[in-house]
Amino acid sequence: MAFEGLAGRLQETFNKLRGKGKVSEEDVNQMMREVRLALLEADVNFKVVKDFVSRVKERAIGQEVLKSLTPGQQVIKVVNEELTQLMGGTQSKLNMSPKPPTIIMMVGLQGAGKTTHTGKLSKYLQKQNKQPLLIAADIYRPAAIKQLQVLGEQLKIPVFSMGNEVSPVEIAKKGIEYAKAENRDVVIIDTAGRLHIDETLMNELLQIRDEVKPHEILLVVDAMTGQDAVNVANSFHETLSLTGVILTKLDGDTRGGAAISVKAVTGCPIKFVGMGEKLDQIEPFYPDRMASRILG
Ligand code: GDP
């Protein structure tokens, strides 16, 4: 399960506090020392941890909390609320255009799960009675177009492709014209990933963005890479102004650092999480539910 390590450690810390009839300032400080270590071990960004700890302390040491009838519970409630805030507060939904088609651009590094999540997202939207069209704009990875076509066949969703000798900008543009002609109301563009962030990759993505003016630019990042995922998100956001993040492979992520830090570091919300290789293993991201899951 995701977050085992962190959840286990935090629950142990909280259990010590939960039953206490009286909680002192020193108890809170001690607890927050343990929370701080647990978060750092979970690979949460250092500054995020520091700010989080000081916000919780400031609220928890307030007199009403410590003098309440159940001080231990109240302190834990503060931690839960602050953790929820850290991850964005409320659910961040997809921005659907009032005038179809809604254009969604998927970006990310190779191997993060971009193509898989292009399929997952289209299936998710299909279930909401949308009629997606997928555009195969990754012309560099030899199997990418085929992979998308196979996904499309499985899902009975059309895939627009022009092979790998036309520029991705042109493919995206023609794909959208096709979507309009065919009355498809959502277009998802699978763009190329690279092993590392480089200027060529970013320039190409910028060109596509400027040409098609997407309503959503979603970065697909691998949760298992922890703070690296956060750094990748930062770079993409600086160049492209992302509208959201899809955090993948959360099923294999025992630490949870990326889920906790991405929003706080980049300002960009997590909109979906990937929970496995199957096409229905995608879920909207709810900060409050995630916080409760982490805190047990
Ligand atoms: P791309 O290069 O970013 O397009 O990556 P792919 O979509 O080809 O995915 C790379 C690998 O990660 C594949 O083996 C996928 O099955 C796997 N994968 C994608 N998403 C998830 C996920 O949420 N959980 C797990 N466990 N594996 C995933």
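Hydrogens, waters and symmetry mates play no part in the numbers below; they use all other heavy atoms, side chains included. For ligands, and for the atoms within them, numbers begin at 1 and follow the listed sequence.
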Practice item. Mind checking the CG-CD1 spacing from Leu134 to Ile145? Nearest 0.5 Å is all I need. Key: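 So the CG of Leu134 and the CD1 of Ile145 are separated by 13.0 Å.
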Review point. From Glu204 CD over to Ile208 CD1, what is the distance, rounded to the nearest 0.5 angstrom?
Key: 5.0 Å
Practice item. Give a yes or no on whether the backbone of Ile103 and the side-chain of His215 come within a donor-acceptor separation of less than 3.5 Å. Key: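 Side chain of His215 to backbone of Ile103: a pair is present.
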Check your understanding: Should the ring pair Phe272 and Tyr124 be called parallel, tilted or perpendicular, given that the plane angle runs from 0 to 90° and is split at 30 and 60?
Key -> perpendicular
Check your understanding: How about Ser68 and Gln74: does a side-chain donor come under 3.5 Å of a side-chain acceptor?
Key -> no
Could you list the donor-acceptor pairs under 3.5 angstrom formed by side chains in residues 191-201, with sequence neighbours left out?
unit_1: Thr191; atom_1: OG1; unit_2: Met106; atom_2: O; d: 2.5
unit_1: Asp198; atom_1: OD1; unit_2: Thr200; atom_2: N; d: 3.1
unit_1: Asp198; atom_1: OD1; unit_2: Leu201; atom_2: N; d: 2.7

Check your understanding: How would you list, by chain and number, the residues with a heavy atom under 4.0 angstrom from ligand 1?
Key ->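 Answer by chain and number: Leu109, Gln110, Gly111, Ala112, Gly113, Lys114, Thr115, Thr116, His117, Lys120, Arg141, Gln147, Lys249, Asp251, Gly274, Met275, Gly276, Glu277.
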